[in-house]
Protein chains: 2
Amino acid sequence: MLDQRIKFRHLTCFLEVARQRSVVKAADTLSITQPAVSKTIRELEEHLDARLFDRSKRGVTLTDFGKVFLRYAGASVTALRQGVDSISQVRMQGGLSINLGVLPTVAASVMPNAIRHFKTLSPDTTVKVVAGPNVMLMGQLRVGELDLVVGRLAEPDQMSGLSFIHLYSEHISLVARPGHPLLADKNPDITRIREFTVLVPPKHAIIHPTVDKMLIAHGIGALPDRIETVSTSFGRAFTRETDAIWIISNGAVASDIAEGHLVELPIDTSDTFGPVGLTTRIDSPISPPVEMLINAVREEASRHHSEQAATKT
Amino acid sequence: MLDQRIKFRHLTCFLEVARQRSVVKAADTLSITQPAVSKTIRELEEHLDARLFDRSKRGVTLTDFGKVFLRYAGASVTALRQGVDSISQVRMQGGLSINLGVLPTVAASVMPNAIRHFKTLSPDTTVKVVAGPNVMLMGQLRVGELDLVVGRLAEPDQMSGLSFIHLYSEHISLVARPGHPLLADKNPDITRIREFTVLVPPKHAIIHPTVDKMLIAHGIGALPDRIETVSTSFGRAFTRETDAIWIISNGAVASDIAEGHLVELPIDTSDTFGPVGLTTRIDSPISPPVEMLINAVREEASRHHSEQAATKT
DNA sequence: ATTTTGCATAACTATATAATTATGAATCAG
DNA sequence: CTGATTCATAATTATATAGTTATGCAAAAT
C-alpha cells in the first residue's frame, strides 16, 4: 500500500540529495536549511520503512534500497511535471497534438480506422498525419518533429535510436487492371512484364531493395519502361487506366484488390515478406496520448489482419 | 515549475473521482467524507491553476485539462507504487533481478562487456542470463519470464506483442580453420563446400531461412554432409579441429576471426544482412533497472560497432 | 410537488507540517 | 592538535493539513 504521507517534496528532496551526494549542498540548491533536508529524508525513510542513504562524515551515499528507489522516484516526479506541462500546453494551443508519420502501406488500410477509433477515445487530441519519403519521416522522428511513424521496418542504418513495434507482415504485390492481357493466361510468364510500363517504388523507398532482389530472383533484369513513384493515388489511377503493372506493397492496394479494381498477378512474392509496425524514438518515454494511439493502431491492425486471414480461407 | 504542495493524496483522490465520475462514490471507496473529497479536488485544481472536472448535479466529468492530466497522474502514482514495491522486493530477495535472454550472435561479442558495464553501474542487480532456442526465449519473454532478449530480429510471426530496438546489423559468415584446403585458392569455388562437412543452424534458428536462401542463391543445393547445431562451443571446437565449414552469424565468431582462430571464406553474404537488437514486451512498461541495462547494451553495441568499422578500413 | 441525489460551502479542530535556530559528535585536512 | 566540514538531534513555532459536522442549493427522479 502506498503511503499517502509521501509528498513530492520528499521525492524532489531525495532526488537532489542523491544527485549531489550531500545534504548540505542539496539544502543549498533547494534553498532550505540543512536540518530541514535531514528531516525530510528521515521522514521519507520512515514512510518507506527503509534506509535510503548511508551517512558518513564526508557526504551521503545511496544504499541498495536508495539506488533502486531513485529511478522510480525520478519517473514519478517526471510524470507529474509532464502532466503540469501538458495542461499548460492544452491551455495555450487549445489541445494536445500528436504528429504522426504514415507510410504508403498503411495510409489507406489500417490507419484511417485506427485514427478514427483513437479520436472517439480522445477527441480533443489533434492528430497531424504526415506522409512522405521514409528517410524524411525517420529523420523527423529522430529529431522529435514526429512522435510516431507507421509502416514497413526501415533499413537498419536508419533505425539507430529508434524502436520498432511489430504489427503484422505483408508482402509486395504486382497488380494490374482487371482484364489485363497478362491475365488472359492462367499461368503467365512473369518476365513478360518487361513488355509493359511498370510502376516501381523509387530509390529511397523502403521496399526498393526488396523489389530489386525479387525481380532478379525471377530472372527479370532492368525494366525498360519504368515509372518511379511513391504516389499511390497516381499509381492507382494510372494502373487502372493503362496496361501498366504496379509493384507496390500489398497493404497499399489491398482494398482495391478486394473491390476488384485491381488484380494481383500470380507471382510468388514470398521472399518479399517484411514487417510492418510502429517506429518510435527509444529515448524520451512514450507520452500517454501517444501510447493510446499506439494501442488503437495495434488493435486495428490485429482486427485488420484477422480479417485478411479470414478472406484467404 | 512543479508545485510542491501537490501530494499523492491529491492524485489518488483525483484518479478515484475520475474513475468513478462521482465525488460521493469516490469518498466512499476512499473512506473519507464527501466534503473532504470536494476540498481535495479543489486544492489540486488551485495548485494546477486549471479546472479538472465539470460539476453537474448527476456527477462530475473530466474537462479537457482533466483528461490530459489523468494519464500523467496515473503514471506518476504508478511509478511511486512500483518504487515502493521494488524496495520490498530488494528486501526480500536481497536485490533486484533481471532475466535476460541471449542469442548466440551476441552471447560472445557484445553482451559480456555490456553486462560487465551494467554491473559497475548497478552491482546489486542480479542478472540472470538465459540461452536457448529463440522460439523458447521469445515465448518466455512474452509470458514475462524474461525481461529482455538480445539477438537477431525474430521472424515476424513471433514478434506480436513485442517491440524491437535496433542495435546494429550483421551478416552470416562461412568460416573454417586456418589452412583449410578451400583457402588455398584465392577465389575458391564456393559450391565445393559440398565436399566438406558443413555445420548449419538447425531448423528453429532465426537465421535458418536466411542461410537456406543464401545457399540456393549461390547454387548450392542440399548439403550432403551436414551437422545441425546451435552450440557455438561445439561449432568452434569442431571447426578448428576438422575441415568442416561452419555457417554461423558473424557476431558469434567475430573474436575468433579477429584472433586468427577461424578464417572467413570469401563469399558474398550481403543478402544475409539482418538486424540485431533488443526485444522487449510492448505492454508492461520497461522498469528502470531494465532500462539501465538496455542503455548499457546500446552503448556497448555502438562501441563494438565502431570498432568493427575501424577494423574494416 | 416532493423527495432524492450530488456537489459546494462554511465553521471548526486536532494534528501534522515545514521550517527555523542552536547544539553536538564524528571525521578530515592541515 | 586545531579548525573546518558534515550530518544528526532537539526544541520551538507559525502555518498548513486533513479531516470533521452542518447546511445549502440546484437538478433529477418519482
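The sequence lines fix the lettering, A, B, ..., with proteins before strands; numbering per chain opens at 1.
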[X] side-chain N/O to [N] phosphate OP1/OP2 under 4.0 Å:
X: B/Ser38; N: C/dC7; result: no
X: B/Arg9; N: D/dG19; result: yes
X: A/Arg55; N: D/dT6; result: no
X: B/Thr33; N: D/dT20; result: yes

Whole angstrom is fine here: how far is it from [atom1] in [X] over to [atom2] in [N]?
X: B/Glu43; N: C/dT17; atom1: CD; atom2: C1'; answer: 14 Å
X: B/Gln20; N: C/dC7; atom1: CD; atom2: P; answer: 11 Å
X: B/Lys25; N: C/dC7; atom1: NZ; atom2: C1'; answer: 14 Å
X: A/Leu52; N: D/dC7; atom1: CG; atom2: P; answer: 15 Å
X: B/Leu44; N: D/dT17; atom1: CG; atom2: P; answer: 13 Å
X: A/Lys7; N: C/dA19; atom1: NZ; atom2: P; answer: 10 Å
X: A/Glu46; N: C/dT17; atom1: CD; atom2: P; answer: 10 Å
X: B/Glu45; N: C/dC7; atom1: CD; atom2: P; answer: 13 Å

(request) Compute both the distance and the angle, then confirm whether B/Arg91 meets the cation-pi test with A/Phe65: under 6.0 Å from the six-membered ring centre, within 45 degrees of the axis. (result)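 Relative to the ring axis of A/Phe65, which defines the angle, B/Arg91 lies inside both limits.
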(message) Looking at B/Thr12 and B/Arg9, would you say the former's side chain and the latter's main chain have a donor-acceptor pair under 3.5 Å?
(response)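 Between the backbone of B/Arg9 and the side chain of B/Thr12 there is a qualifying donor-acceptor contact (under 3.5 Å).
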(message) Keeping B/Thr40 on the side-chain end and B/Ala36 on the backbone end, is there a donor-acceptor pair under 3.5 Å?
(response)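 A pair under 3.5 Å: yes.
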(message) With nearest nucleotide decided by heavy atoms, which residue, B/Ser31 or A/Arg42, maps closer to the 5′ end of DNA chain D?
(response)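 Counting from the 5' end, the first nearest nucleotide belongs to A/Arg42.
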Quick one: label [X] by what it contacts on the DNA or RNA (base, sugar-phosphate, nothing), any heavy atom closer than 4.0 Å.
X: A/Val37; answer: nothing
X: B/Ser22; answer: sugar-phosphate
X: A/Gln34; answer: base

(message) Could you check whether any side-chain heavy atom of A/Pro289 comes within less than 4.5 Å of a side-chain heavy atom of B/Tyr72, counting everything from C-beta outward?
(response)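 Yes - at least one pair of side-chain heavy atoms lies under 4.5 Å apart.
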(request) Could you tell me whether the side chain of A/Val110 reaches within less than 4.5 Å of the side chain of A/Val150, counting heavy atoms only? (result)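 A side-chain contact under 4.5 Å is absent here.
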(message) Distance criterion of 3.5 Å, no angle test: do you see the side chain of B/Lys39 paired donor-to-acceptor with the base of D/dA18?
(response)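 Answer is yes: a donor-acceptor pair is held.
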(message) From C-beta outward on A/Val23, which listed nucleotide comes closest to its side chain: D/dC7, C/dC7, C/dT21?
(response)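 So the nucleotide nearest the side chain must be D/dC7.
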(message) Side chain of B/Ala36, heavy atoms from C-beta onward: which of D/dG19, C/dT9, D/dT9 has the nearest atom to it?
(response)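 For the B/Ala36 side chain, the nearest candidate turns out to be D/dG19.
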